[in-house]
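Accompanying notes for the structure given below.
No hydrogens, no waters, no symmetry mates; every other heavy atom, side chains included, goes into these values. Order of the sequence lines sets the chain letters (A, B, ...), proteins ahead of strands, with each chain counted from 1. Quick caveat: nothing in here was measured; it's all calculated off a predicted structure.
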Amino acid sequence: MVLVQLLREQKQKVVEAYRKRNIDAENIVEQILEADDYRKSNQAKLDSLLNQSKTIAKSVGELFSQGKREEANKLKEKSTALKQEIKDLQDRAGSISTELADLLYQLPNVPHVLVPDGKTDQDNEEVFRFGDIPEMGKNALPHWELAKKYNLIDFETGVKITGAGFPVYTGNGARLQRALIQFFLDEAVKAGYLEVQTPFMVNEASGIGTGQLPDKEGQMYQVPIDGFYLIPTAEVPVTNIFRDTMLSIKDLPVKRTAYSPCFRREAGSYGKDVRGLNRLHQFDKVEIVQITEPGLSYQTLDEMLEHVKSILTKLELPYRIVRLCGGDLGFAAALTYDFEVYSAAQDKWLEVSSVSNFESYQSNRLKCRYKNSDGKTELVHTLNGSALALPRILASLLENNQNENGISIPEVLIPYTGFHEIN
RNA sequence: GGAGAGGUGGCUGAGUGGCUGAAAGCGGCACCCUGCUAAGGUGUUAUACUGGCAACGGUAUCGAGGGUUCGAAUCCCUCUCUCUCCGCCA
């Protein structure tokens with residue numbers, strides 16, 4: 001969450017920045033500052049009463065040990081009189097801090113200066129493009145038909161087993177998927193990320209730490225009997241490794257990568273955008289996460305972009321990078337770049353990666369800090385990105401590489417698949 | 001799932017109602033001393049919120065939450081986690 005201190009010191013600037021998200025934050029910021037002031041003054045009163053009560057209690061003890069029972073009893077009464085007042089102030093302190101937290105949870109991250117104005121993904125700003133858009137003949141098939149033709153994916157059986165959005169990959173389809181995972185992990189490890197395998201279910205505290213909770217529980221599958229949530233991305237367990245930790249400067253940057261299945265309820269989506277692999281309830285992804293000193297996080301963001309670029313280039317897929325506009329920017333992010341690959345038969349761009357800098361928004365919730373070079377405790381910056389999400393990569397691989405004989409596999413994947421063509 | 005034991009500062013570990021934010025040891029840091037295999041001495045060493053220019057204060061925190069009491073690490077209740085044994089099991 002946003003630091004109250006920042007709101008206090010740079011209120012106008014922050015409110016101005018929020019306009020990029022098309023929200024007028026003036027009111028809520030004001031409420032937060034008021035609540036925080038109230039919290040402080042309430043706490044000051046409480047502290048002084050507690051101080052009195054403690055002092056009295058101490059004296060009572062001394063009087064008893066000196067055998068002055070009557071005086072002691074008199075003092076006891078005095079302390080008893082304070083009790084109710086203390087309790088009231090404590091109750092109030094509790095409700096104020098809940099109220100303050102509720103307000104802070106409503107406030108998304110402050111957008112970075114580079115974030116363009118805009119409302120929808122139409123307003124995102126293209127900043128880079130690689131590769132030529134392939135010219136496909138009229139006979140080009142969309143990936144769901146290719147998947148059927150070559151027995152790569154069985155959508156119907158997935159529906160039977162679970163429901164729509166849970167495909168069954170078979171034969172070379174399964175093999176190709178596994179090859180991609182392996183390839184992505186190898187690339188990440190080569191780039192200095194430590195591979196980790198984490199739980200695929202998380203508890204509530206972890207959901208809050210990375211910002212999925214308390215607002216967006218509807219987007220996650222839940223296991224109510226145990227109070228767990230299926231992860232929507234490996235970002236959640238991987239980042240939460242560092243919840244409530246104090247890092248040393250020599251630990252930084254922390255670089256982690258993880259493969260995981262991702263589970264998303266994605267309520268309300270429909271139509272041709274969800275056909276085939278375009279939008280699933282369960283899909284695979286390799287995620288990269290970095291934790292850095294605040295001064296270096298944007299440099300790190302660039303490094304992560306370069307990493308994703310190199311993977312897509314090796315896969316020989318045409319792609320572009322867009323900078324998300326304020327309206328499209330995720331709740332916890334300060335700046336996000338999406339990677340979109342071109343899917344030839346569908347004739348559209350598909351998002352395959354989202355790389356974000358969360359600055360201290362997550363670390364503030366996570367209580368992930370480090371001691372800086374002056375020995376002062378400071379919140380770290382967290383970043384993460386997909387490298388990459390599988391299904392749409394698969395979709396565009398199938399579509400872009402189809403020919404009369406079958407589907408050719410990019411050079412770099414052949415050692416992983418063991419075959420160079422699907423037919 | 002059943003039974004039992006236990007969660008104290010970076011670590012080990014004392015502490016069963018007040019003088020304990022917490023002994024002692026280890027580790028860390030600072031200074032001092034000493035040229036024989038690096039040891040000794042002294043001091044210091046938690047976090048958060050908060051007041052103050054500062055010096056220096058206040059409050060909270062001994063797994064979490066509630067309760068008893070003038071006063072709780074210490075007593076009571078609930079929850080949670082860890083360990084041991086049994087059961088089950090990839």
Rounded to whole angstrom, note down the [atom1] distance from [N] over to [M].
N     : M     : atom1 : value
B/G21 : B/C32 : P     : 35 Å
B/U50 : B/G7  : C1'   : 30 Å
B/A14 : B/A24 : P     : 15 Å
B/A48 : B/G43 : P     : 27 Å
B/C81 : B/G63 : P     : 16 Å
B/C49 : B/C88 : C1'   : 49 Å
B/U74 : B/G18 : C1'   : 11 Å
B/G66 : B/U47 : P     : 25 Å

[atom1]/[X]: more than 12 non-hydrogen atoms of other groups inside 6.0 Å:
X      : atom1 : answer
A/K309 : NZ    : yes
A/E217 : CD    : yes
A/K119 : NZ    : no
A/E411 : CD    : no

What's the separation between atom [atom1] in [X] and atom [atom2] in [Y], rounded to the nearest 0.5 Å?
X      : Y      : atom1 : atom2 : result
A/E30  : A/L7   : CD    : CG    : 10.5 Å
A/L394 : A/F283 : CG    : CZ    : 13.5 Å
A/R392 : A/L277 : CZ    : CG    : 9.5 Å

Aromatic plane relationship, [Y] with [X] - under 30° parallel, 30 to 60° tilted, over 60° perpendicular:
X      : Y      : value
A/Y193 : A/H307 : tilted
A/Y416 : A/F183 : perpendicular
A/Y259 : A/F200 : perpendicular

Fill in: Given RNA chain B, 5'-ward residue of the pair A/K58 and A/S48, judged by closest heavy atom
A/K58
Discussion item. Closest-nucleotide mapping onto RNA chain B: is A/A44 or A/L75 further toward the 5' terminus? I mean the 5' end.
Written reply: A/A44
Tell which nucleotide pairs with [N], taking only Watson-Crick or G-U wobble pairs whose two distances are both under 3.5 angstrom.
N     : result
B/C36 : none
B/C56 : B/G51
B/U74 : none
B/A46 : B/U61
B/C31 : B/G41
B/G87 : none
B/G25 : B/C11
B/U69 : none

Worksheet entry | Strand-adjacent residues in residues 200-209 of chain A, judged by heavy atoms under 4.0 Å from RNA chain B |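 Under 4.0 Å from RNA chain B: no residue of residues 200-209 of chain A.
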Discussion item. Tell me which residues in residues 49-56 of chain A lie within less than 4.0 Å of RNA chain B, going by non-hydrogen atoms.
Written reply: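 Nucleic-acid contacts, sorted: A/L50, A/N51, A/K54.
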Fill in: Bounds of contact between RNA chain B and chain A, in 5' to 3' order, using a heavy-atom cut-off under 4.0 Å
B/G18 to B/G71
Worksheet entry | From CA spacing to verdict: salt bridge (Lys or Arg N to Asp or Glu O under 4.0 Å), A/E187, A/K190 | CA-CA 5 Å; A/E187 290 295 306; A/K190 266 188 233 164; 3.2 Å; yes
Worksheet entry | Minimum heavy-atom distance A/L146-A/L398, with the two atoms named | CD1-O, 3.4 Å
Worksheet entry | Derivation and outcome, side chain to side chain donor-acceptor pair (under 3.5 Å), residues A/S48 and A/N51 | CA-CA 5 Å; A/S48 103; A/N51 183 233; over 6 Å; no
